[in-house]
Novice: 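Next up is a structure, given as structure tokens.
Numbers restart at 1 for each chain; the letters A, B, ... are given by sequence-line order, proteins then strands.
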2 protein chains.
Amino acid sequence: MTVETSADMPVNPLILKLEAFHALSEADKELLTRLSTTSRTVGPREDLIREGDPPERVYLILEGFACRYKILPDGSRHIMAYMVPGDLCDLHVFILKTMDHSIGTLSACEVVDLPRAQVMEMIERPAIARALWWSGLVDGATLREWLVNIGARSAEERVAHLLCELLVRLRLVGLATEDRYELPITQNELGDTMGLSTVHVNRVLQRLRAEGLIIFKSQKLVILKVAELMAFSGFNPNYLHLESRRTLYAARG
Amino acid sequence: MTVETSADMPVNPLILKLEAFHALSEADKELLTRLSTTSRTVGPREDLIREGDPPERVYLILEGFACRYKILPDGSRHIMAYMVPGDLCDLHVFILKTMDHSIGTLSACEVVDLPRAQVMEMIERPAIARALWWSGLVDGATLREWLVNIGARSAEERVAHLLCELLVRLRLVGLATEDRYELPITQNELGDTMGLSTVHVNRVLQRLRAEGLIIFKSQKLVILKVAELMAFSGFNPNYLHLESRRTLYAARG
DNA sequence: CCCAATCTTTCACATGGGTTAATTTCGCGG
DNA sequence: CCGCGAAATTAACCCATGTGAAAGATTGGG
């Protein structure tokens with residue numbers, strides 16, 4: 001029920017992420033640590049909230065991958081965003097009456113449920129409010145980049161672009177090194193994300209492997225040529241609005 | 001320089017739009033009217049702000065169509081959002097150092113430039129703040145729906161879905177009747193929006209015409225069978241979060 | 001250590017949509 | 001009313017990606 005805390009903290013991914021925008025005071029960090037003390041374990045492929053439900057809380061992912069998705073009338077699923085450790089779903093949802101999409105886990109996750117009152121508590125701290133504000137803007141920018149990715153790039157570029165984005169995002173929270181990370185996602189899920197069939201995702205991955213760009217096996221991804229993969233996919237991290245050098249290039253772990 | 005104001009006001013599209021969420025007081029409406037008094041005319045295909053520029057103001061569209069777009073390394077353009085009268089670009093941009101995309105007009109537009117101070121003035125009014133908050137959430141939801149649209153629907157469904165969305169959005173601000181509106185957009189721009197070639201957009205429009213679903217000529221769109229077009233494209237307006245009946249079905253003009 | 005379910009991979013074949021380029025139509029200034 | 005540039009339309013060709021089905025490979029539970 002509680003995430004381990006050891007001497008060599010902070011491992012709170014929310015703090016790591018927000019500090020990529022601007023340093024936080026000790027008091028602010030303590031607040032965030034306190035609010036994320038009580039987490040729960042959610043199995044893979046479980047919904048946190050479904051389309052049509054009233055949004056009652058905000059979710060913070062501490063471990064694992066979750067996603068936003070919609071199911072279309074014909075039963076197909078489209079994944080619109082990945083939520084990785086440190087990601088918080090939209091703070092503003094409270095004013096909407098119902099969810100227009102679902103949020104569910106991909107892998108098993110550690111999730112913190114933040115009721116309205118706790119969200120308010122966070123927002124009262126100006127530095128945290130600003131950082132969360134930034135984080136929300138980055139989420140929006142990421143969504144736009146995904147739109148461009150699907151709308152304007154070939155299947156191979158698309159997948160490559162996603163792998164680059166995740167490299168940068170996961171580095172932020174210490175879950176990627178310079179060139180590798182755990183990607184607990186099936187090819188089917190990748191397909192539902194990129195608007196490609198599972199079969200074609202497989203073909204694309206084979207090609208990226210054959211070109212010596214990546215190794216992807218047992219949920220472990222190694223990017224053999226980071227610069228090349230970024231160039232090939234047209235990846236430009238500007239939309240992630242990471243201003244400090246550290247956030248982009250310092251590897252942790 | 002100034003938009004005409006007549007006795008039979010309000011025609012301020014921002015007020016019309018925000019009141020779709022919740023009624024505003026007279027004082028709030030006066031503030032919004034005052035802030036949108038000074039507009040400028042911008043010709044078609046002109047940029048309001050470019051990728052890389054620091055965001056210094058917020059734009060409000062009073063007339064015409066504008067869009068957010070990105071240019072890819074290979075020179076192709078992808079349009080990520082349409083901004084129609086009453087739409088405001090993101091209020092929060094100020095905390096970002098640079099724009100990660102451009103905003104430009106499609107048709108000629110009347111645009112209000114809102115510097116930071118005026119945005120603050122708006123946000124200090126709780127009812128306006130809430131309404132703008134809602135508006136921002138709807139923009140995000142719209143972006144997600146566009147992602148699904150491009151990622152999971154056929155070309156014909158995609159275009160049909162866009163036409164349905166615009167019908168609802170334009171009705172909100174009195175620019176569409178029950179079944180028709182002005183759509184000042186070329187097939188090439190439609191293609192850059194939907195991730196389709198111009199040629200294919202043309203084929204799709206022909207088919208929609210042949211099926212007796214629409215008439216589209218000289219920038220004037222008539223949807224002959226609204227319910228059918230919505231059903232065909234899988235259009236569900238829930239993502240626009242319009243709670244009052246009026247906003248969805250009352251035609252103006 | 002084995003089984004069953006889940007994933008990945010492969011194959012053969014179908015097709016939606018891209019490309020290039022020529023032709024026609026439209027909108028508009030002079 | 002004419003002429004020009006932009007936009008729409010048409011045609012021919014083809015390739016990227018989808019589909020359906022089945023064969024391997026992995027993984028985790030018992």
Novice: Please tell me if Arg209(B) has a side-chain N or O lying less than 4.0 Å from either OP1 or OP2 of dA8(D).
Specialist: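 Answer no for this pair, as no side-chain N or O of Arg209(B) is under 4.0 Å from OP1 or OP2.
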Novice: Take atom CG of Leu183(B) and atom C1' of dA7(D), then tell me their distance rounded to the nearest Å.
Specialist: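 To the nearest whole Å, that distance equals 14 Å.
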Novice: Within the structure shown, what part of the strands sits under 4.0 Å from Arg158(A) by heavy-atom distance: base, sugar-phosphate, or nothing?
Specialist: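 Arg158(A): no heavy atom of the nucleic acid under 4.0 Å.
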Novice: Do Arg203(A) and His200(A) get their side chains close enough for a donor-acceptor pair, meaning under 3.5 Å?
Specialist: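 A donor-acceptor contact under 3.5 Å links the two side chains.
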Novice: So does Gln219(A) get a side-chain nitrogen or oxygen closer than 4.0 Å to the phosphate oxygens (OP1/OP2) of dC7(C)?
Specialist: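 Looking at the OP1 and OP2 atoms of dC7(C), neither is under 4.0 Å from any side-chain N or O of Gln219(A).
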Novice: On the nucleotide dG16(C), are OP1 or OP2 found under 4.0 Å from the side-chain N or O atoms that Arg153(B) carries?
Specialist: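 Answer no for this pair, as no side-chain N or O of Arg153(B) is under 4.0 Å from OP1 or OP2.
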Novice: Please tell me whether Ser154(B) and Glu157(B) have a donor and an acceptor in their side chains that are separated by less than 3.5 angstrom.
Specialist: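 Per modelled atom types, Ser154(B) and Glu157(B) side chains form a pair under 3.5 Å.
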Novice: Side-chain N or O of Ser218(B) versus OP1/OP2 of dC26(C): is the shortest distance under 4.0 Å?
Specialist: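 For dC26(C), OP1/OP2 do not have a side-chain N/O of Ser218(B) under 4.0 Å.
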Novice: Find which nucleotide of DNA chain D each of Gly195(A) and Ile185(B) is nearest to by heavy atoms, and output the residue with the more 5' nucleotide.
Specialist: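 Closer to the 5' end of DNA chain D: Ile185(B).
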Novice: Please work out if Thr186(A) contacts a base, only the sugar-phosphate, or nothing of the nucleic acid, heavy-atom cut-off 4.0 Å.
Specialist: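 Thr186(A): backbone/sugar contact only, no base atoms under 4.0 Å.
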Novice: Side-chain N or O of Lys217(B) versus OP1/OP2 of dA8(D): is the shortest distance under 4.0 Å?
Specialist: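 Indeed not, no polar side-chain atom of Lys217(B) lies that close.
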Novice: Using the closest heavy atom to pick a nucleotide of DNA chain D for each, name whichever of Thr198(B) or Ala155(A) lands nearer the 5' end.
Specialist: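 The residue whose closest nucleotide sits nearer the 5' end is Thr198(B).
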Novice: Is it the case that the base of dG18(C) and the side chain of Arg203(B) share a donor-acceptor contact (distance under 3.5 Å, atom types as modelled)?
Specialist: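 Looking at the base of dG18(C), it does pair with a donor or acceptor on the side chain of Arg203(B) (distance under 3.5 Å).
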Novice: Considering only side-chain heavy atoms of Val199(B), which listed nucleotide, dT27(D), dT9(C), dT10(D), is closest?
Specialist: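 It is dT10(D).
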Novice: Would you classify Leu205(A) as touching base, sugar-phosphate or nothing, given that sugar-phosphate means primed atoms plus P, OP1 and OP2, and contacts are heavy atoms under 4.0 Å?
Specialist: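 Since no nucleic acid heavy atom lies under 4.0 Å of Leu205(A), the category is nothing.
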Novice: If I take atom CG in residue Leu190(A) and atom P in nucleotide dT6(C), what distance separates them, rounded to the nearest angstrom?
Specialist: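 Whole-Å distance recorded here is 19 Å.
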Novice: Strictly below 4.0 Å: does Gln187(B) bring a side-chain N or O up to OP1 or OP2 of dA6(D)?
Specialist: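 So the side-chain polar atoms of Gln187(B) never come under 4.0 Å of the phosphate oxygens OP1 or OP2 of dA6(D).
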Novice: Checking contacts here: which listed nucleotide (dT9(C), dT19(C), dT19(D)) is nearest the side-chain heavy atoms of Ser197(A)?
Specialist: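 Between dT9(C), dT19(C), dT19(D), the one nearest the side chain of Ser197(A) would be dT19(D).
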Novice: Is the shortest side-chain N/O distance from Asn202(B) to OP1 or OP2 of dA8(D) below 4.0 Å?
Specialist: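 Checking dA8(D) against Asn202(B), no side-chain N or O comes under 4.0 Å of OP1 or OP2.
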Novice: How would you label the contact of Gly191(B) with the nucleic acid (heavy atoms, under 4.0 Å): base, sugar-phosphate, or nothing?
Specialist: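 No contact at all - Gly191(B) keeps every heavy atom at 4.0 Å or more from the nucleic acid.
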Novice: Is there a donor-acceptor pair closer than 3.5 Å between any side-chain N or O of Thr105(B) and the backbone N or O of Ala66(B)?
Specialist: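 The answer is no, because no donor-acceptor pair under 3.5 Å joins these two groups.
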Novice: For Gln206(B) and Asn202(B), which I'm curious about, is there any donor-acceptor pair between the side chains at under 3.5 Å?
Specialist: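 Their side chains do contain a donor-acceptor pair, which is all the 3.5 Å distance test asks for.
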Novice: Side-chain donor-acceptor pair under 3.5 Å between Ser76(B) and Asp74(B), yes or no?
Specialist: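 There is such a pair between these side chains.
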